[in-house]
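Take a look at the structure below.
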Protein chains: 2
Amino acid sequence: MGRWEPNARGRLEQAALELYRERGFEQTTAAQIAQRAGLTERTFFRHYADKREVLFAGAHLLEEAFVDALSHTPETAAPIDAMASALETISAVFLERHEFSRQRQAVIVANAELRERELIKLASLSKALAATFRSRGVSDPAASLTAEAGIAVFKIGFERWVDEDGDRQLADFLRESLAELKVVAAGR
Amino acid sequence: MGRWEPNARGRLEQAALELYRERGFEQTTAAQIAQRAGLTERTFFRHYADKREVLFAGAHLLEEAFVDALSHTPETAAPIDAMASALETISAVFLERHEFSRQRQAVIVANAELRERELIKLASLSKALAATFRSRGVSDPAASLTAEAGIAVFKIGFERWVDEDGDRQLADFLRESLAELKVVAAGR
DNA sequence: ACGGTCGACGGCAGTCACTGACATCGACCG
DNA sequence: CGGTCGATGTCAGTGACTGCCGTCGACCGT
């Protein structure tokens with residue numbers, strides 16, 4: 001056994017989610033999170049750039065998976081179809097995470113600073129997707145617009161999935177949302 | 001003449017933009033902004049909730065104007081056409097503000113915290129537009145998706161307009177961007 | 001087995017964003 | 001002319017975040 005308990009980041013992330021749920025994001029200090037995780041405030045800030053980031057550690061994984069999914073789509077497909085396929089693939093990531101997503105999203109929605117952070121993560125994701133499209137020969141502004149549209153579909157589908165009590169899968173909501181976007185864009 | 005110089009907010013906003021351009025957002029303290037405006041730090045925070053907000057004072061005006069433009073669109077129009085019309089109307093707001101927009105946008109793009117703030121302002125705008133659609137009988141998720149798509153069009157068109165040196169108007173870029181979105185959504 | 005390096009963490013002092021409480025004083029009102 | 005009000009100043013405090021340095025098991029080469 002090492003000098004320190006293992007999985008410091010995991011403990012910090014769990015402690016943070018717990019405290020943010022118990023007393024709210026603003027009423028929680030970094031020192032409290034660190035203490036619950038058996039660490040010090042200084043160590044908290046070694047792992048996370050700020051108090052919000054501890055909730056978004058998984059964002060880069062989502063981004064990687066999303067870009068990966070898009071990359072593994074036939075180059076000949078129309079951008080919107082590639083996006084549809086990537087959305088389909090990505091929803092698998094959330095199959096076993098409805099409850100966790102619900103809790104985390106409730107915390108985020110309740111605080112403006114956390115919403116800001118979520119938005120910039122989605123914007124980063126959008127940029128990455130646009131870059132992927134460009135590397136596949138889609139030119140701007142089509143690349144950026146398809147990426148933005150895909151993120152909008154994801155955002156709205158995800159919101160609705162999280163709000164649902166039922167057993168419908170995320171993929172259902174994403175398909176529905178994308179279909180509606182097509183209808184709307186067609187001017188109907 | 002009153003006890004204080006008039007237009008404290010205007011002075012603060014100009015001082016802030018100047019300093020953010022001169023030395024960067026992070027390297028500027030609230031006290032410095034206040035001092036250049038002939039005020040104290042405490043007064044700065046009475047006018048703006050935080051250091052970023054001083055750059056976004058006009059955001060609620062844009063939101064009002066945008067919602068207003070959308071409201072004054074024929075109810076019988078398809079949502080996407082109403083959005084197109086609103087975008088057209090809104091671009092008039094920026095007719096005389098290319099240089100100002102360029103400077104401000106350069107500051108924002110250079111700093112992640114400011115980008116976050118911009119994103120949440122756009123998200124707020126999107127919510128307001130979606131609510132307007134709903135009040136006109138468009139149901140969700142079409143209302144939310146049209147709003148999000150419109151904001152995406154605005155964002156991308158605006159970026160390109162700001163980057164341009166030429167004399168093309170914002171409205172041109174918005175039309176182009178919207179047209180491209182329609183093409184993309186149609187799967188071409 | 002031993003000295004040296006390294007990585008993860010603790011401790012501490014400091015800056016700055018932001019806040020609450022209270023004081024000031026021209027403008028304006030009756 | 002006294003009283004109220006609104007915009008600002010003053011001051012003390014909290015907490016987010018950072019730089020710097022110290023600690024000490026793990027690990028590595030000899």
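Chain letters run A, B, ... following the sequence lines, proteins first, then strands; residues in each count from 1. Side-chain atoms are counted along with the backbone in the values below, which use heavy atoms only and exclude waters and symmetry mates.
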Can you check whether Lys155(B)'s main-chain N or O pairs, donor with acceptor, with Arg160(B)'s side chain at less than 3.5 Å? no
Answer yes or no on whether Arg104(A) is positioned over the face of Tyr20(A), meaning its NZ or CZ is under 6.0 Å from the six-membered ring centre and within 45° of the axis. no
Which residues pass the side chain to side chain donor-acceptor pair (under 3.5 Å) test with Gln27(A), sequence neighbours left out? none
Strictly below 4.0 Å, heavy-atom distances to any atom of DNA chain D: list the hits from residues 12-35 of chain B, or just say none. none
Tell me which residues in residues 105-117 of chain B put a heavy atom below 4.0 Å from DNA chain D, sorted by number, or none. none
Residues 47-56 of chain B vs salt bridge (Lys or Arg N to Asp or Glu O under 4.0 Å), sequence neighbours excluded, gives Glu116(A)-Arg52(B), Asp50(B)-Arg117(B), Arg52(B)-Glu113(B), Arg52(B)-Glu116(B), Glu53(B)-Arg117(B), Glu53(B)-Lys121(B)
Identify whether Leu145(B) and Ile151(B) are in the same connected component of the hydrophobic contact network (ILVMFWY, side-chain heavy atoms under 4.5 Å). no
Backbone of Glu5(A) reached by a side-chain donor or acceptor of Arg11(A) within 3.5 Å: yes
From CZ of Arg52(A) over to C1' of dA17(C), roughly how many Å is that when rounded to an integer? 13 Å
side-chain hydrogen bond (donor to acceptor under 3.5 Å, both in side chains) contacts in which one or both residues fall within residues 84-94 of chain A, not counting sequence neighbours: Thr73(A)-Ser85(A), Glu88(A)-Arg175(A)
How would you list, by chain and number, every residue that makes a ring-ring contact (aromatic ring centres under 6.0 Å, His included) with Phe158(A), sequence neighbours excluded? Phe94(A), Phe154(A), Trp161(A)
Residues 178-188 of chain A side chain polar contacts: donor-acceptor under 3.5 Å, at least two apart:
none

Could you note down all residue pairs passing side-chain hydrogen bond (donor to acceptor under 3.5 Å, both in side chains) where residues 122-134 of chain A supplies at least one of them, sequence neighbours left out? Glu63(A)-Ser124(A), Ser126(A)-Glu148(A), Arg134(A)-Asp140(A)
In this structure, how many angstroms lie between the C1' atom of dT18(D) and the NZ atom of Lys51(A), rounded? 17 Å
Return the set of residues passing ring-ring contact (aromatic ring centres under 6.0 Å, His included) with Phe66(A) (not counting sequence neighbours), or none when no residue passes. none
Qualifying salt bridge (Lys or Arg N to Asp or Glu O under 4.0 Å) pairs, either residue in residues 33-43 of chain B, two or more places apart: Glu18(B)-Arg36(B), Glu22(B)-Arg36(B)
Using a cut-off of 4.0 Å between protein heavy atoms and nucleotide atoms, how would you tag nucleotides 6-14 of chain C 5' to 3' with B, S and -? -BBBBBB--
Under 3.5 Å side-chain donor-acceptor pair for Gln105(B) and Glu159(B): no
In short, the helix from dA1(C)-dT30(D) to dG30(C)-dC1(D) is bent end to end, axes from five pairs each side, to 10°, by 10°
